Amino acid sequence: MKKLVVLSLVIVMLVLAACGGQSAKTAEPKPAEPTKAMEQPTKAPEPTKAAAEPTQAPAEAAAEYADTLNFYNWSEYIDPEIYDMFEKEYGIKVVESTFGSNEDLLAKLQGGATGFDVIVPSDYMVATMIELDMLAPIDHSKLENYKNLDPLFTDPPYDPGLKYSIPYMWGTTGIGYDGAEFGDEVPDSWSYLFDPEVAKNYADQYSLLNDSAEVFAAALKYLGYSANSTDPDEINAARDVILAIKPYVHTFDSEQFEDLLASGEIVMAHGWSGDVFTVMEDNEDIGYVIPKEGGVVWADTLAIPKEVASDPVRYNTALLWIDFLNRPDIAAKNVEYVYYASPNAAATDLIPAEILEDPGIYPPQEVMDRMEWLKPLGDAQKLRDRAWTEIKSQ
Ligand code: N2P
């Protein structure tokens with residue numbers, strides 16, 4: 001998969017170079033007719049066709065959609081205008097709830113939450129949820145925009161053939177920092193966060209993600225182990241490292257670390273690339289670095305909880321939403337807002353060059369070579385869960 005992403009980057013660059021100043025084919029999205037759709041919120045999203053063929057059989061004409069779609073997303077992970085555009089176009093209101101980690105998402109669903117139509121699990125969590133039979137198969141024939149996906153993302157190890165998930169965004173995990181505090185120094189090692197001798201200099205001035213998979217991955221990398229270690233000794237060593245620096249951690253946070261950084265409340269944040277990039281525009285001192293020991297690369301996906309499949313109206317609505325997010329103009333608009341990389345090849349021509357060329361958003365090969373994808377941990381997950389509970393409760 002590492003290679004896939006690197007290859008993808010190369011292709012993105014090639015496509016970009018090849019397009020040059022020419023106008024791109026994908027630069028002219030075909031919006032549906034908003035007012036018509038607004039008047040007919042439960043009709044199929046093909047207003048022109050329906051208008052041209054008013055006598056077609058009702059069964060063909062009326063794929064039904066719900067009035068509301070419940071979207072369970074990571075926080076600040078979509079351009080909110082996209083909700084308005086979807087509602088304007090189809091008359092369907094998207095209601096968003098947010099979660100802070102894959103483990104929280106899993107716990108919520110396992111706890112019996114049944115209202116969510118579309119969820120956003122990351123790669124390894126998709127594999128876990130497939131294993132637990134928690135996801136509905138995705139009917140590719142109903143996704144007009146499936147063809148827009150970069151083929152390099154359509155057969156990932158976590159979900160071969162994308163039977164249960166459609167890639168949404170991908171990015172990396174590293175360290176956001178306030179350059180005004182660091183001067184010429186760059187906190188380019190996990191030791192800034194996990195070596196007590198170094199970390200004590202930043203006591204109460206840095207955050208860690210509130211995400212057991214990510215914090216263990218970073219601590220394991222600091223110790224020179226794989227982010228996916230299932231070795232009890234290595235997991236215990238990582239737990240001890242985290243416990244040792246915990247007194248210096250200002251907060252465990254996955255949802256507003258970039259704002260804490262921007263406001264000066266902290267000077268370093270263990271965090272996700274795009275979230276840090278969103279505050280750089282107004283804070284030119286803020287930087288983002290992938291530590292030299294390597295970090296985590298991930299892809300987040302759009303998936304449908306299994307129970308939704310038994311309700312054709314909810315299921316169709318979920319697919320309509322997923323497909324909308326894969327329309328090239330929508331995918332590009334979203335990238336410009338969240339600063340994460342898109343697996344949508346057709347959106348590439350619509351994404352500003354400064355984003356495509358930003359090595360923090362589309363990292364170069366030598367950086368990608370240091371990254372690891374997270375994987376399901378099998379029985380070792382219990383060890384990590386226990387250790388995490390211990391860490392958080394002390
Ligand atoms: C959104 C961060 C999502 C990335 N704020 C985590 N996979």
Side-chain angles (χ1 to χ4, degrees), residues 1-2 5 71-83 94 96-109 116 118-129 153 156 158-159 165-176 207-218 221 227-228 251-262 266 269-281 286 288 290 295-303 325 331 333-344 355 358 360-363 368 371-376:
M1 191 68 190
K2 230 192 277 181
V5 173
F71 186 38
Y72 200 28
N73 191 15
W74 300 80
S75 67
E76 294 176 51
Y77 206 24
I78 187 167
D79 180 342
E81 282 179 20
I82 292 175
Y83 293 136
V94 179
E96 184 193 75
S97 322
T98 60
F99 57 85
S101 73
N102 282 295
E103 288 63 34
D104 288 351
L105 164 65
L106 179 66
K108 186 85 169 185
L109 295 184
F116 303 120
V118 176
I119 57 175
V120 192
S122 305
D123 38 62
Y124 75 95
M125 188 50 69
V126 172
T128 300
M129 288 182 168
F153 286 90
Y158 60 83
D159 180 14
S165 65
I166 297 294
Y168 176 57
M169 302 272 178
W170 64 272
T172 61
T173 313
I175 301 174
S207 66
L208 294 183
L209 285 168
N210 194 12
D211 183 312
S212 63
E214 290 282 14
V215 173
F216 268 98
K221 294 301 256 185
N228 289 303
T251 182
F252 285 83
D253 177 274
S254 299
E255 304 185 42
Q256 48 175 339
F257 56 86
E258 71 277 25
D259 300 322
L260 299 179
L261 202 53
I266 56 174
H270 170 222
W272 294 305
S273 47
D275 289 69
V276 178
F277 285 107
T278 57
V279 292
M280 280 184 190
E281 216 165 281
I286 289 179
Y288 173 79
I290 292 169
V296 172
V297 56
W298 42 260
D300 294 331
T301 76
L302 302 162
L325 292 173
K333 180 176 173 54
N334 218 1
V335 166
E336 276 196 68
Y337 187 89
V338 300
Y339 288 101
Y340 284 106
S342 174
N344 188 313
I355 291 186
D358 190 319
I361 302 175
Y362 288 86
M368 293 306 295
M371 308 304 275
E372 261 190 276
W373 291 84
L374 299 182
K375 296 183 186 136

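For the numbers below, each heavy atom of this structure counts, side chains included, while hydrogens, waters and symmetry mates do not. What you see is a predicted model, and the numbers here were worked out from it, not measured in a lab. Order of appearance sets the numbers: ligands from 1, and atoms from 1 within every ligand.
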* Structure fact -> Checking Tyr288, Tyr340, Trp272 against Thr172 for side-chain contact (heavy atoms from CB on, under 4.5 Å), the one that qualifies is Tyr288

* To do: Answer yes if the ring centres of Tyr168 and Trp74 are under 6.0 angstrom apart, and no otherwise.
  => no

* Asked: Are Phe99 and Tyr72 close enough that their ring centers fall under 6.0 Å?
  -> yes

* To do: May I ask you to identify, for Ser75, whether its side chain, its backbone, both or neither come under 4.0 Å of ligand 1 on a heavy-atom basis?
  => backbone

* Asked: Which atoms from ligand 1 have a heavy atom of Asp300 less than 4.0 Å away?
  -> 3 (C), 4 (C), 6 (C), 7 (N)

* Those atoms of ligand 1 less than 4.0 Å from some heavy atom in Glu76 -> 5 (N)

* Where do Leu105 and Met129 come nearest, in terms of heavy atoms and distance? -> CG-CE, 3.8 Å

* Structure fact -> The atoms of ligand 1 lying under 4.0 Å from a heavy atom of Asp275, numbered in the order shown, are 1 (C), 2 (C), 5 (N)

